[in-house]
Amino acid sequence: AGYSVNGVARLHTEILKKQELKDFYELFPQKFNNKTNGITQRRFLYHGNPLLAEWVSNKIGNDWITDLSHMEKLAVYVDDPKAQQEFMQIKYQNKLRLAKYIQEHNGIEVNPHSIFDVQVKRLHEYKRQQLNVLNIIAEYQMLKANPNMEFQPRTYIFASKAAPGYFMAKKIIELIDALSKVVNNDPDIKGRIKVVFMEDYNVSLAEMLMPAADISEQISLAGTEASGTGNMKLMLNGAITLGTLDGANVEIHDAVGDDNIFIFGLKTPEVMELQKKGYNPMEYMYNNETLKSAVEFIQAGVNGKSFGEISSSLMNVDQYMALADFADYQKAQKLSAQAYQDKERFAKMSLMNISGAGIFSADRSIMDYANNIWHTQPVKFKEEAPKTSKKSAPMTKEEK
């Protein structure tokens, strides 16, 4: 019955055609098309990050505000040391602003010189906040065992909401909160890891988080995310994606290239093959001592609270294959820490992300729908002269 059938990211569209709606695609291939969704730069850069917005306008003019494709002009500044320093200073000011907010609202002191590693999105097992948690535990245990080792300080920031009846998602929020109390108050690790869960996530909070983020966590299991838009908002503000080839991450990867993104994990065909063969999470757990120790940390209880439901689910079911991707995820985290320590390289990567964000505008997405699905043309409305009553005085110049 559908007039047009579209996915909201290229990978999403291919999954519809090859898997979810395969029979219909074979019958009606002409109905299927891709329309990657988008974000509004007027909200998430112009309004939300005024320091960066002004800097961009000074470099390339204001046209990007209504046509984000102009952002590609910023590419000429990627290798400019002065532009790199200016950008990093703006990022630092935004991190100071967020650090102040966290101190006031969460009572946690965070280091603005640390990596701000941000995972902000709906809390769902497929988005794999639990994978992020496992890595934090592994790093915490490593620092506990070797307090004097070299380690790039990192602030892990979560913000999300769970559906009212989604028990496991609510338990993961509870686990993040309990873990933050353990990690943030342990003198042995000397404040080198901080964990923050920001409550009541909404657009206003996003406008403060996005400009301050260094790393954008987009770690859903490949093949499960339709598109995502948080990844686009963070990219536009210069955060570097650390993620799987899922949803719009595929198109972000295409836009910025291998050197300006941290990709890890199973790809969609590999996920499907593993599911078909039969996935056994215990194999991964008992072949990786670091992972085993992290799962057992949860199993033993965190800050006096029991999280047996989470550890049991990871060991026996792990529907979204967090354990399968854990080792590769840890490698990606280490690579991101190394990149951050080279400030010139990190600034270049960030600027490449901003300059490549043009295709992710909602303006472009809406025009794709208008031109390629509905075949509409922009309507120009004829201006009418203001109507005035015979009894009223003529309009003044100011009123006109």
**OP:** First locate atom CG of L242, then atom CD of Q119, and finally report the distance between them rounded to the nearest 0.5 Å.
**Re:** 10.0 Å

**OP:** With sequence neighbours left out, write down each residue that passes salt bridge (Lys or Arg N to Asp or Glu O under 4.0 Å) with E225, or none if nothing qualifies.
**Re:** K127

Original post:
Counting only N and O atoms by type, is there a donor-acceptor contact under 3.5 Å from the side chain of Q152 to the main-chain atoms of Q341?
Top reply: no

Review item, side-chain donor-acceptor pairs of residues 71-78, under 3.5 Å, at least two apart:
unit_1, atom_1, unit_2, atom_2, d
K73, NZ, H70, ND1, 2.9
Y77, OH, K59, O, 3.4

Subject >> Residues L98, F116; criterion side chain to side chain contact (heavy atoms under 4.5 Å, CB included); working and verdict >> reply: CA-CA 10 Å; L98 181 60; F116 276 22; 4.0 Å; yes

**OP:** Taking all heavy atoms of N34 and all of T13, pick out the closest pair and write down the distance.
**Re:** OD1-OG1, 2.6 Å

Subject >> Residues which pass side-chain hydrogen bond (donor to acceptor under 3.5 Å, both in side chains) with S114, listed by chain and number, not counting sequence neighbours >> reply: T155

**OP:** Go through the steps for E139 and R154 under the test salt bridge (charged side-chain N to carboxylate O under 4.0 Å, His left out), then give the verdict.
**Re:** CA-CA 10 Å; E139 290 188 339; R154 207 171 189 114; 5.3 Å; no

Subject >> Residue pair F360, L236: steps toward the side chain to side chain contact (heavy atoms under 4.5 Å, CB included) verdict >> reply: CA-CA 9 Å; F360 298 112; L236 182 62; over 6 Å; no

**OP:** Before giving the answer on side chain to side chain contact (heavy atoms under 4.5 Å, CB included), spell out for E217 and T241 the whole-Å C-alpha distance, their side-chain angles and the decisive distance to 0.1 Å.
**Re:** CA-CA 6 Å; E217 296 260 3; T241 302; over 6 Å; no

Original post:
Given side chains that start at C-beta, do those of I115 and Y340 come closer than 4.5 Å, heavy atoms only?
Top reply: yes

Original post:
Backbone N or O of P147 within a donor-acceptor pair of the R192 side chain at under 3.5 Å?
Top reply: yes

**OP:** Count the heavy atoms of every other residue, nucleotide or ligand shown that sit under 6.0 Å from CZ of F24, and state whether that count exceeds 12.
**Re:** no

Subject >> Student check: side-chain heavy atoms of D214 and K95 closer than 4.5 Å >> reply: yes

Subject >> Intermediate values then yes/no, ring pair (Phe, Tyr, Trp, His ring centres under 6.0 Å), Y284 and Y279 >> reply: CA-CA 10 Å; Y284 295 89; Y279 172 59; 5.7 Å; yes

**OP:** Under the side-chain contact (heavy atoms from CB on, under 4.5 Å) rule, collect the residues that match up with S293, sequence neighbours excluded.
**Re:** Q141

Original post:
In this structure, are over 12 heavy atoms from other groups packed under 6.0 Å from K18 atom NZ?
Top reply: no

Original post:
Side-chain donor-acceptor pair under 3.5 Å between S350 and R345, yes or no?
Top reply: no

**OP:** Taking D246 for its side chain and G223 for its backbone only, find out whether a donor-acceptor pair lies under 3.5 Å.
**Re:** yes

Original post:
Is Q41 close to D363 at the side-chain level, that is, under 4.5 Å between some pair of heavy atoms?
Top reply: yes

Original post:
Is the backbone of V183 close enough, under 3.5 Å, to the side chain of K194 for a donor and an acceptor to pair up by distance?
Top reply: no

Original post:
Got M315 and Q299 here, is their nearest side-chain heavy-atom distance under 4.5 Å?
Top reply: yes

Subject >> Charged N-O contact under 4.0 Å between D79 and K348 >> reply: yes

Original post:
Can you list the residues that meet the side-chain hydrogen bond (donor to acceptor under 3.5 Å, both in side chains) rule with D186, with sequence neighbours excluded?
Top reply: Y140, K144

Subject >> Under the side-chain hydrogen bond (donor to acceptor under 3.5 Å, both in side chains) test, residues paired with Y369 that sit two or more places apart >> reply: N6

Subject >> All side-chain contact (heavy atoms from CB on, under 4.5 Å) counterparts of K277, not counting sequence neighbours >> reply: L274

Subject >> Qualifying residues under side-chain hydrogen bond (donor to acceptor under 3.5 Å, both in side chains), relative to K22, sequence neighbours excluded >> reply: E26

Original post:
With S69, which residues qualify under side-chain contact (heavy atoms from CB on, under 4.5 Å), at least two apart?
Top reply: D67

Original post:
Hey, is CD on E344 packed in by over 12 heavy atoms from elsewhere, all under 6.0 Å?
Top reply: no

Subject >> Those residues that, when tested against D177, pass salt bridge (Lys or Arg N to Asp or Glu O under 4.0 Å) (two or more places apart) >> reply: K181

Original post:
Got a sec, which pairs hit side chain to side chain donor-acceptor pair (under 3.5 Å) with one end in residues 254-269, sequence neighbours left out?
Top reply: R10-D254, H253-D258

Original post:
Can any side-chain N or O of N288 pair as donor or acceptor with the backbone N or O of T290 at less than 3.5 Å?
Top reply: yes

Original post:
Counting only heavy atoms not in K190, do more than 12 fall under 6.0 Å of its NZ?
Top reply: yes

Original post:
When you look at CE of M208, are more than 12 heavy atoms from neighbouring residues, nucleotides or ligands closer to it than 6.0 Å?
Top reply: yes

**OP:** Could you pull out all residues at least two apart from E309 that satisfy side-chain contact (heavy atoms from CB on, under 4.5 Å)?
**Re:** F167, M168, K171

Subject >> cation_pi(K170, Y166) dist<6.0 Å, angle<=45 >> reply: no

Original post:
Would a distance-only check, ignoring hydrogens and angles, find a side-chain to backbone donor-acceptor pair under 3.5 Å from K17 to F32?
Top reply: no

Original post:
Counting heavy atoms not belonging to E54, are there more than 12 under 6.0 Å from its CD?
Top reply: no

